[in-house]
Amino acid sequence: MSIKLNYENVGLRDHELEYVRPLAEAAFGTLTRHTGPGHEMLGWLELPYTYDKEEFARIKAAAKRIQEQSQVLVVIGIGGSYLGARAGLEFVKGPFGNQLREKGVEVYFAGSNLSADYMQDILNIIGERDFSVNVISKSGTTTEPAAAFRIFRAELERRYGISGARDRIYATTDRTKGALREMAEQKGYKTFVVPDNIGGRFSCLSAVGLLPMAAGGMDIDRVMEGCLHSCEVYENPNFLGNDVMLYAALRFLMLMKGKRVELLASYEPALTMFGEWYKQLMAESEGKDGKGLFPVSANFTTDLHSIGQFIQDGSRIMFETVLWVEHTRHTLTIPNDPVNADGLNFAAGVSLQEMNEKAMKGTLLAHVDGGAPNLIITLDRLDDYTFGELVYFFWKSLAVSGYMIGVNPFDQPGVEAYKKNMFALLGKPGYENMQEALEARLKS
């Protein structure tokens with residue numbers, strides 16, 4: 001595997017993993033047999049074997065067409081409809097992928113907020129260049145992406161006319177129903193499917209994420225090969241031989257020991273958006289029924305100069321899972337300076353990767369000594385294949401972990417509360433009976 005789990009620094013006694021082994025194996029069996037709560041949403045579990053090959057070919061063809069007709073692709077979606085694709089593009093191409101333009105089009109993401117400034121900035125970045133839109137929504141009525149799609153659709157129609165706009169809009173939505181499906185069929189947009197048996201936060205290796213990733217220059221064949229490899233390796237029912245079960249068991253033990261927060265820490269800025277994807281996956285899956293670890297992410301060494309004090313010396317509520325990348329895309333070394341005004345000549349000739357590694361190891365020792373247990377997940381490199389491997393690793397570990405703490409990892413009942421209040425305050429039909437009461441509460 002390109003992924004290795006190290007749990008030497010979590011402070012466990014020898015017997016503790018053995019004590020939770022039966023629970024982890026039972027949860028793993030429940031998942032494998034499709035007998036647990038939410039089992040109807042396990043389409044991702046065998047995805048590397050079952051994905052629609054015909055649609056996959058259409059995705060690659062559409063990506064090529066986008067690259068031929070446009071310099072920019074605007075991806076419109078919220079939550080799982082954009083986080084995975086954005087995480088993948090930055091994972092492989094780095095945070096400056098749009099500026100470097102090594103391959104693929106520039107990809108910008110809209111529809112995840114209601115900020116006028118954010119939306120206008122994307123329009124300004126596009127300028128007079130040709131662009132296309134991939135709108136992603138199972139229903140087509142989610143407020144944030146619906147608002148963004150109206151704005152960017154209007155701009156496409158202004159530039160290219162209704163017919164020209166139609167050829168630049170790609171809709172990823174429900175197979176048979178919903179407002180976006182109906183609109184796409186009426187207007188003749190090219191369509192791709194949001195699978196019925198895969199929830200949003202598990203959807204990035206379906207058309208939801210694959211089309212933006214392919215258009216942006218990722219090799220989605222390699223992504224799926226990595227996912228398949230993970231799927232094969234993590235079918236192993238041997239507890240100590242399966243890092244999926246071990247990671248789930250370790251998270252469970254941390255929770256039982258009073259830890260309430262899991263901090264996903266990385267030392268590569270290219271993993272920033274992967275941290276955002278991880279937060280949605282973990283929070284929406286486990287944060288229910290008064291249970292679950294609260295997931296947060298941090299970028300080291302940067303955040304060691306901000307929240308590092310709390311991690312080192314604050315309340316002992318967290319443990320860390322460190323994502324460490326063994327081989328970087330580039331090699332740079334510290335040059336010698338005859339004046340040595342900054343006192344850095346002790347590191348002259350040392351590579352930045354080696355410095356980063358020493359910083360990681362020094363931080364790990366300090367945090368462990370300070371009472372923050374550390375797990376390390378080592379990645380061989382940041383490429384398409386490893387992205388597919390890592391996504392599947394987190395999917396399956398999370399599912400086992402959710403079953404271990406006794407929740408349905410595949411629903412999200414709490415997400416709807418804010419939407420109802422927002423609709424009422426906006427005066428959406430059907431919510432009139434709530435509007436007056438909510439406005440009165442806000443005034444008081």
J.: Scan residues 287-311 for pairs that pass salt bridge (Lys or Arg N to Asp or Glu O under 4.0 Å), counting only residues two or more places apart or in two chains.
T.: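 Those involving residues 287-311 are Lys288-Asp411.
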J.: Which residues pass the side chain to side chain contact (heavy atoms under 4.5 Å, CB included) test with Thr35, not counting sequence neighbours?
T.: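 Here the qualifying residues are Thr30, Arg33.
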J.: Can Asp383 and Arg329 be counted as an ion pair, charged N to O under 4.0 angstrom?
T.: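 Answer for the salt bridge query: no.
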J.: Would you call Lys279 and Glu276 a salt bridge, using N to O less than 4.0 angstrom?
T.: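 Yes, Lys279 and Glu276 are salt-bridged.
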J.: What pairs with Phe300 under ring pair (Phe, Tyr, Trp, His ring centres under 6.0 Å), at least two apart in sequence or on another chain?
T.: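 Partners of Phe300 under the ring pair (Phe, Tyr, Trp, His ring centres under 6.0 Å) test: Tyr267.
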J.: What pairs meet the ring-ring contact (aromatic ring centres under 6.0 Å, His included) rule with one or both residues in residues 45-74, with sequence neighbours excluded?
T.: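 For residues 45-74, and leaving out neighbouring residues, the ring-ring contact (aromatic ring centres under 6.0 Å, His included) pairs sorted by first residue read Tyr51-Phe56.
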J.: Which side-chain N or O atoms in residues 115-123 pair as donor and acceptor under 3.5 Å with protein atoms at least two apart or in another chain?
T.:
| from | atom 1 | to | atom 2 | distance (Å) |
| --- | --- | --- | --- | --- |
| Ser115 | OG | Asp117 | N | 3.4 |
| Ser115 | OG | Tyr118 | N | 3.1 |
| Tyr118 | OH | Phe109 | O | 2.5 |
| Gln120 | NE2 | Asn124 | OD1 | 3.0 |

J.: What residues, two or more places apart in sequence or in another chain, satisfy ring pair (Phe, Tyr, Trp, His ring centres under 6.0 Å) together with Phe192?
T.: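 Checked Phe192 against ring pair (Phe, Tyr, Trp, His ring centres under 6.0 Å); zero matches.
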J.: Which residue pairs pass the ring-ring contact (aromatic ring centres under 6.0 Å, His included) test when at least one of the two sits in residues 142-176, sequence neighbours left out?
T.: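 Listed by first then second residue: nothing to list.
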J.: Consider side-chain contact (heavy atoms from CB on, under 4.5 Å). Of Ile126, Ile125, Asn134, Leu156, which one does Val74 pass it with?
T.: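 Considering Ile126, Ile125, Asn134, Leu156, a side-chain contact (heavy atoms from CB on, under 4.5 Å) with Val74 is found only for Ile126.
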J.: Output all residues satisfying ring pair (Phe, Tyr, Trp, His ring centres under 6.0 Å) with Phe294, sequence neighbours left out; order by chain, then residue number.
T.: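 By the ring pair (Phe, Tyr, Trp, His ring centres under 6.0 Å) rule, Phe294 matches no residue at all.
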J.: Sequence neighbours excluded, which residues qualify as side chain to side chain contact (heavy atoms under 4.5 Å, CB included) partners of Asp384?
T.: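 Only Val92, Met218, Asp219, Arg222, Val223 meet the side chain to side chain contact (heavy atoms under 4.5 Å, CB included) criterion with Asp384.
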J.: With a 6.0 Å cut-off on the ring centroids, do Phe28 and Tyr403 count as close?
T.: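 No: the rings miss the under 6.0 Å criterion.
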J.: Using atom types as modelled, flag every donor-acceptor pair under 3.5 Å from a side chain in residues 242-261 to any protein atom, sequence neighbours excluded.
T.:
| from | atom 1 | to | atom 2 | distance (Å) |
| --- | --- | --- | --- | --- |
| Asn242 | OD1 | Val244 | N | 2.9 |
| Asn242 | ND2 | Tyr234 | O | 3.0 |
| Asn242 | ND2 | Asn236 | O | 2.7 |
| Tyr247 | OH | Glu262 | OE2 | 2.5 |
| Arg251 | NE | Glu262 | OE1 | 2.8 |
| Arg251 | NH1 | Glu286 | OE1 | 3.1 |
| Arg251 | NH1 | Glu286 | OE2 | 3.3 |
| Arg251 | NH1 | Ser401 | OG | 2.8 |
| Arg251 | NH2 | Glu262 | OE1 | 3.0 |
| Arg251 | NH2 | Glu286 | OE1 | 3.3 |
| Lys257 | NZ | Glu16 | OE1 | 2.8 |
| Lys257 | NZ | Glu16 | OE2 | 3.4 |
| Lys259 | NZ | Arg316 | O | 3.3 |
| Lys259 | NZ | Gly371 | O | 3.3 |
| Arg260 | NH1 | Leu255 | O | 3.1 |

J.: Which residues pass the side chain to side chain contact (heavy atoms under 4.5 Å, CB included) test with Val193, sequence neighbours left out?
T.: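 With sequence neighbours excluded, Val193 shows a side chain to side chain contact (heavy atoms under 4.5 Å, CB included) to Glu55, Arg175, Arg181, given in chain and number order.
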J.: Output all residues satisfying side chain to side chain contact (heavy atoms under 4.5 Å, CB included) with Pro269, sequence neighbours left out; order by chain, then residue number.
T.: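 Listed in chain order: Pro95.
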